[in-house]
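Scroll down for the structure; my scribbles are underneath it.
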There are 2 protein chains.
Amino acid sequence: MHRYTPVAHIKSEHIPRATIQRLAVYVQVLENLKRDGTEVISSEHLARICAVNPSQIRKDLAYFGEFGVRGVGYYIEDLISAIKKSLGVDRTWNCALVGVGNLGRALLRHKECRTRGFNIVGVFDCDPFKIGEILAGQEVICSRRLVEKVKELDIEIGIITTPPERAQRAANYLVDAGIKGIVNFAPTRLSVPEEVEVEYVDFFHNFFNVAFKITLRELPNG
Amino acid sequence: MHRYTPVAHIKSEHIPRATIQRLAVYVQVLENLKRDGTEVISSEHLARICAVNPSQIRKDLAYFGEFGVRGVGYYIEDLISAIKKSLGVDRTWNCALVGVGNLGRALLRHKECRTRGFNIVGVFDCDPFKIGEILAGQEVICSRRLVEKVKELDIEIGIITTPPERAQRAANYLVDAGIKGIVNFAPTRLSVPEEVEVEYVDFFHNFFNVAFKITLRELPNG
DNA sequence: GGCCTAATGTGAAATATTGGACAACCCGGC
DNA sequence: GCCGGGTTGTCCAATATTTCACATTAGGCC
């Protein structure tokens with residue numbers, strides 16, 4: 001089964017952001033294939049599923065090491081592990097959720113957070129009516145107590161699900177608490193020190209994309 | 001106030017996907033600025049907020065027309081309209097939601113869908129226990145009836161929020177119904193005919209991104 | 001009305017990413 | 001142990017995107 005040990009070398013070259021995005025897609029596809037019982041896959045086959053070029057895949061993987069077997073392809077299970085390790089998601093990350101609205105509650109209920117390694121270990125809000133409420137087994141804590149709690153619970157990532165007008169304040173609390181990264185679901189840009197990584201999530205951007213692509217097609221010149 | 005009428009020319013050049021993504025960000029930022037009462041902005045100021053290069057912004061906009069005023073900048077209200085029109089989101093799009101789980105329910109409750117012009121006018125599921133249930137004023141309909149309903153309700157976009165194993169079947173129904181685009185929240189790639197546009201949404205990709213960026217920073221060589 | 005300031009729109013240079021081609025090499029069969 | 005089919009890893013060319021630099025022009029002031 002595991003006839004081959006992947007070798008990671010992590011060249012300290014710059015890695016394109018697009019590569020990281022694609023690696024996440026590869027993991028998704030590979031996990032589905034694994035679930036269906038496939039054990040080995042070639043870059044060509046994987047490429048067809050992901051709608052990318054086969055050399056693209058080989059190159060993306062090459063940034064991190066040699067995970068394939070010439071003449072054979074990639075052992076799916078090993079490849080999943082190798083990619084996850086490369087991306088830093090072969091471990092768990094403790095997260096703080098700030099803002100208990102619709103979206104925040106949905107995330108708390110979403111079991112996949114835990115299976116993917118992102119454990120929400122602290123839930124915060126500034127609304128006195130919400131503080132003390134128990135959600136998915138966790139007590140909602142006042143956002144002002146972020147500094148103490150982040151240290152106590154060893155939290156590295158903050159998830160902002162507040163309304164836009166309160167997102168920056170939430171970010172400030174998180175930064176003061178010494179968080180390393182923020183995933184911001186609020187539709188605002190944040191201003192944070194350079195050493196804090198921010199990712200913006202707004203699925204209306206995806207809706208815009210579809211709308212645009214449909215609009216383009218329906219233009220006179222196709 | 002509106003001293004200038006934007007001129008759109010929509011060059012039929014290829015437009016980079018990254019440009020479309022950024023335009024969506026510009027709209028987000030501009031709408032927040034407008035809410036705060038700002039009326040005019042320069043590419044330099046907008047660039048600082050969005051953390052991009054000013055010429056990047058000017059070039060992105062240039063794909064679609066000349067929306068600025070030399071020596072002055074951009075009139076925010078006009079610019080928002082111009083970008084939205086360019087992206088095809090200056091109108092409403094009727095959408096079908098397929099799959100009534102946690103995420104589907106959250107989207108239905110999410111008022112912003114409507115304000116952004118994406119109206120969910122049909123809700124579908126294949127679970128007999130869910131069919132007939134009323135959610136946010138809408139009756140859950142059997143997925144098999146998609147073909148008739150899509151035509152009846154003039155639906156152009158499908159939103160898939162089923163579990164991964166049922167996503168492809170949902171996509172098939174939508175394709176048969178003659179849908180133009182799909183936003184897929186299920187963690188699977190879909191196989192659809194070339195004329196249907198698909199956008200994949202998986203915010204764990206964003207979590208992966210943060211995790212990776214933090215991991216990189218903590219590497220010995222920084 | 002002409003001049004000055006300021007910020008756009010755009011061609012050209014720099015940079016980054018992608019795709020193609022092929023040598024390297026693994027595995028199974030003989 | 002060697003040979004052939006098959007697929008990777010990687011170099012290089014092609015393409016795409018970003019950034020720079022500046023000519024152009026709108027608007028305000030005298």
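Quick note on labels: first sequence line is chain A, next is B, and so on, each numbered from 1.
- Judged as a salt bridge (charged side-chain N to carboxylate O under 4.0 Å, His left out), and not counting sequence neighbours, the contacts of B/R48 are B/E44.
- In this structure, OH of A/Y26 is placed 12 Å from P of D/dT8, rounded to the nearest angstrom.
- When the side-chain nitrogen and oxygen atoms of B/Y74 are compared with OP1 and OP2 of C/dA6, none of them lie within a distance under 4.0 Å.
- Under 3.5 Å, the side chains of A/Q28 and B/D202 contain a donor-acceptor pair of N or O atoms.
- For B/L61 and C/dA7, the CG to P distance is 16 Å, given to the nearest whole Å.
- Residue-to-nucleotide contacts include a donor-acceptor pair under 3.5 Å from the side chain of A/K59 to the base of C/dG19.
- Distance B/R17 CZ to D/dT15 C1': 19 Å, rounded to the nearest Å.
- By the 4.0 Å N-to-carboxylate-O rule, A/E31 lies close enough to A/R116 to be salt-bridged with it.
- The distance from atom OH of A/Y75 to atom C1' of C/dC27 is 9 Å, rounded to the nearest whole Å.
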Show me, pair by pair, the donor-acceptor contacts under 3.5 angstrom made by side chains of residues 153-160 of chain A, not counting sequence neighbours?
unit_1 : atom_1 : unit_2 : atom_2 : d
A/E156 : OE1    : A/R91  : NH2    : 2.5
A/E156 : OE2    : A/K180 : NZ     : 2.7

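- Every pair passing side-chain hydrogen bond (donor to acceptor under 3.5 Å, both in side chains) that includes a residue from residues 49-60 of chain B is listed here, sequence neighbours excluded: B/T19-B/D60, B/R22-B/D60, B/Y26-B/D60, B/S43-B/R58, B/N53-B/S55.
- Of the side-chain N and O atoms in B/R22, one or more sit less than 4.0 angstrom from OP1 or OP2 of D/dT18.
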Would you list the atom pairs, donor with acceptor, under 3.5 Å between side chains in residues 185-193 of chain A and any protein atom, with sequence neighbours excluded?
unit_1 : atom_1 : unit_2 : atom_2 : d
A/T188 : OG1    : A/P164 : O      : 3.4

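- Remark: P of D/dA16 and CG of B/D60 are 17 Å apart, rounded to the nearest angstrom.
- A straight line from CZ of A/R58 to C1' of D/dC11 spans 13 Å, rounded to a whole angstrom.
- A heavy atom closer than 4.0 Å to some atom of DNA chain C occurs in B/S42, B/S43, these being the qualifying members of residues 41-57 of chain B.
- Partners of A/E194 according to the salt bridge (charged side-chain N to carboxylate O under 4.0 Å, His left out) rule, which considers only residues two or more places apart in sequence or in another chain, are B/R217.
- For the pair B/R70 CZ and C/dG9 C1', the computed distance is 5 Å after rounding to whole Å.
- Remark: P of C/dA24 and CD of A/E66 are 14 Å apart, rounded to the nearest angstrom.
- Regarding contacts with the backbone of C/dT10, every side-chain N or O of B/Y63 stays at 4.0 angstrom or more from both OP1 and OP2.
- Each of A/P16 and B/G71 was assigned the nucleotide of DNA chain C with the nearest heavy atom; the assignment lying further toward the 5' end belongs to B/G71.
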